[in-house]
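What follows is a single structure, written as C-alpha cells, with notes after it.
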Amino acid sequence: PDEIAVGELATRLKVNVAQVIKKLMGLGVMASISEVIDFDTASLVAEELGAKVEHEVHVTIEERLFEVDEDREEDLQERPPVVVVMGHVDHGKTSILDAIRKTRVTAGEAGGITQHIGAYQVEKNGKVITFLDTPGHEAFTSMRARGANLTDIAVLVVAADDGIMPQTVESINHAKAAGVTVIVAINKMDKPTANPTHVMEQLTQYELVPEEWGGDTICVPVSALTGQGIEDLLENIILVAEVKELKANPNRRAKGAVIEARLDKGQGPVATILVQKGTLHQGDIVIAGTAVGRVRVMRDDQGRNLKEAGPSTPVEITGLTEVPAAGDIFDAVEDEKLARELADQRAVEAKEKQFAAYKKVTLDNLFSQI
Ligand code: GTP
Ligand code: MG
C-alpha cells in the first residue's frame, strides 16, 4: 500500500516503463522495472508525467485478508437451499424438524439418535436440503442486522387449530424483511379442531395468498405427529429452491456464518457454522468475529468427521481461540498473523463501542440529575 513496483506504476499511468525509469533517474533514483519505490516518489513521477495523483488508496486489513467477493457466473454451482423453521410458540416447529429428521433415518437405524448440532441436512429425491434450527431466531436476527442473509426459505409453522398468533406475525415480518420465500406448513392437521381454511384466510391479511386462491404462497397441510404431509413439504421446498436457482462457488476460500457456539470442557470453543460459499477444509485458518484458529476437527450433523465442507453445509468445528457469537461471519483466510491482527482490531473496536455506549449512558444520567 505504501509502495509500488516501477512496472506497475507505469501500467497504472498508462505510460512506457522507460519513461518512468527516466523520470526516476531525474529524481536521482536508480530503479529497474521490478524494483519497488515508495509512495511519495511514485506520486512525484506521476505528477511529472502529467497524471493526477489520487491520494493513497487505503488498504484495510480486511482487503488484504479476504478474497475478493465477486464470483464469476461460470464458477457458480447449484447449492442446497438453507431453510429455517419459524412460527408461534407451541405450533410445532421442533416437532416438524424432528419429523423431517426422521424421514432420513432408515428403519434399520431408527434407534440410532443422530447428533444434534442445531442444523442438519436431509436428502429428498436426490436433492439435499439444509435445515437450521434457530432457537429464538437469534442467528437469523443478528445476521440480518449485519445485512447478510443466512436462509433462502422460511417454513412458517401455523397450528391449524390455533391460527395466526403474535409470533406468527413476527416471523412473517422477519421473513419479508430478509427477502426469504415463505412456505406455510399448516400443522396439527390430525386434530379434530383443525381449520386450515381459516388459517389460509388469515394469511391473506399478511399478503400471503395461497396458491390455490391465485396467490403464490405454498401452503402444505401437515401433521408432525402422524407424519402426514411431511414428504409433500420437502418436495415443495425442493421446488421453490429450484425456482430460486441457488448457487455458490465451491472453489474459493470458505465464507459463512456462525449458527451457534459454546465452550466445551474437553474440546475448547466449539462452533456450528454454515458454509455459504467456498469449501472449508480441515486445517484451514478461520476468523469469526474476534475468534481465530485452525479448523482442528470438523464434524457433520451426525458427528462424522469431515475433511471438507462445501456451500450450504452446516458443520461443527473446533480449534478457535475463543467462542464466537451466533451470527458472526466467518472467513477462511491464508494469513494467520494478519487474521490475528484483524481479530485484535475488532476486539478494540468492540471495546470502543462499548465505552461509547457507556459514556452516553453516564451523560444521560448526569443530565437527568440536573
Ligand atoms: P416452542 O419451541 O416452545 O416455540 O414450540 P414448538 O413450536 O417447537 O412446538 P413443539 O414442537 O414443541 O410442539 C408443541 C406441542 O404441540 C407439543 O406438545 C407437540 O407434541 C404438539 N404438536 C406438535 N405438532 C403436532 C401435531 O402435528 N399434532 C398434534 N396433535 N400435536 C402436535
Ligand atoms: Mg421448539
Side-chain angles (χ1 to χ4, degrees), residues 82-105 110-111 113-122 124 129-144 150-151 153-178 180-203 206 208 210 217-237 259-262 272 274 301 314 316 326-327:
V82 178
V83 182
V84 68
V85 177
M86 309 170 94
H88 192 70
V89 185
D90 273 358
H91 277 196
K93 300 177 292 291
T94 304
S95 303
I96 285 181
L97 278 164
D98 286 345
I100 292 168
R101 192 183 280 126
K102 262 185 231 145
T103 62
R104 81 148 172 213
V105 181
I113 293 297
T114 53
Q115 186 173 338
H116 180 58
I117 66 164
Y120 65 85
Q121 291 189 312
V122 290
K124 172 79 184 166
I129 307 171
T130 303
F131 283 94
L132 296 188
D133 193 356
T134 54
H137 319 316
E138 212 183 300
F140 194 74
T141 311
S142 62
M143 278 294 289
R144 261 217 308 119
L150 210 58
T151 51
I153 297 168
V155 171
L156 179 71
V157 181
V158 187
D161 62 336
D162 206 19
I164 291 188
M165 298 301 273
Q167 276 176 279
T168 317
V169 177
E170 224 172 84
S171 304
I172 292 172
N173 291 336
H174 264 307
K176 273 191 190 159
V180 303
T181 309
V182 173
I183 296 178
V184 182
I186 304 179
N187 191 32
K188 308 200 184 184
M189 285 300 290
D190 59 283
K191 284 200 165 183
T193 49
N195 189 348
T197 312
H198 179 59
V199 172
M200 283 156 71
E201 276 164 7
Q202 287 184 312
L203 285 169
Y206 299 90
L208 294 174
T217 301
I218 297 171
C219 296
V220 189
V222 303
S223 165
L225 197 70
T226 67
Q228 173 204 337
I230 296 295
E231 295 295 334
D232 196 17
L233 178 63
L234 293 176
E235 268 163 30
N236 275 292
I237 290 170
I259 296 166
E260 59 186 15
R262 64 193 158 88
T272 299
L274 176 74
D301 55 337
E316 189 178 70

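For ligands, and for the atoms within them, numbers begin at 1 and follow the listed sequence. What you see below is based on every heavy atom in this structure, not just the backbone, and it leaves out hydrogens, waters and symmetry mates.
- Per-residue contacts place Ser223 under 4.0 angstrom from the following atoms of ligand 1 (heavy atoms of the residue considered): 27 (O).
- When each atom of ligand 1 is checked for a heavy atom of His88 under 4.0 Å away, the hits are 7 (O).
- Put simply, CD1 on Ile237 and CD1 on Ile100 are 5.5 Å apart, with the number rounded to the nearest 0.5 Å.
- Protein heavy atom in closest approach to atom 9 (O) of ligand 1: Gly92 N, 3.1 Å.
- Using a 4.5 Å heavy-atom cutoff, the side chains of Gln167 and Met86 are not in contact.
- For Asp190, every heavy-atom contact with ligand 1 shorter than 4.0 Å involves the side chain, none the backbone.
- An N or O contact shorter than 3.5 Å links Asp90 to ligand 1 by distance.
- The minimum heavy-atom distance between Met189 and Ile186, with the atom names listed, is CG-O, 3.4 Å.
- Not a single protein heavy atom sits closer than 4.0 Å to atom 17 (C) of ligand 1.
- The contact set between ligand 1 and Lys191, taken as ligand atoms under 4.0 Å from a residue heavy atom, comprises 30 (N).
- Atom 23 (C) of ligand 1 has Ser95 OG, 3.3 Å as its closest protein atom, hydrogens excluded (heavy atom only).
- Counting heavy atoms under 4.0 Å from ligand 1, residue Leu225 touches it through both backbone and side chain.
- Here the side chains of Tyr206 and Val182 are not in contact, with every heavy-atom distance at 4.5 Å or above.
- Which parts of ligand 1 touch Lys93 is read off a 4.0 Å heavy-atom cut-off, strictly below it: atoms 1 (P), 4 (O), 5 (O), 6 (P), 7 (O), 8 (O), 9 (O), 11 (O).
- Side-chain contact between Asn195 and Val199: absent, with no pair of heavy atoms (C-beta onward) separated by less than 4.5 Å.
- Within the set Ala224, Pro192, Ala159, the minimum heavy-atom distance to atom 27 (O) of ligand 1 is found for Ala224.
- Side-chain contact between Leu233 and Ile96: present, with at least one pair of heavy atoms (C-beta onward) separated by less than 4.5 Å.
- Among protein heavy atoms, the minimum distance from atom 24 (N) of ligand 1 is reached at Asn187 ND2, 3.1 Å.
- Remark: the Asn187 side chain and the His91 side chain contain no N/O donor-acceptor pair separated by less than 3.5 Å.
- Looking only at side-chain heavy atoms (C-beta outward), Asp232 and Val222 stay at 4.5 Å or farther from each other.
- The shortest contact between atom 2 (O) of ligand 1 and any protein heavy atom is with Thr94 OG1, 3.9 Å.
- The nearest pair of heavy atoms linking Gly163 to Thr168 is O-OG1, 4.4 Å.
- Here the shortest heavy-atom distance to atom 31 (N) of ligand 1, taken over His91, Gln167, Lys188, belongs to Lys188.
- A salt bridge does not link Lys188 with Asp161: every distance from a Lys NZ or Arg NE/NH1/NH2 to an Asp or Glu carboxylate oxygen is 4.0 Å or more.
- Among the backbone and side-chain atoms of Ser95, no N/O/S atom is found under 2.8 Å from the Mg ion (ligand 2).
- Under the 4.0 Å distance rule, the nearest protein heavy atom to atom 6 (P) of ligand 1 falls inside the cut-off.
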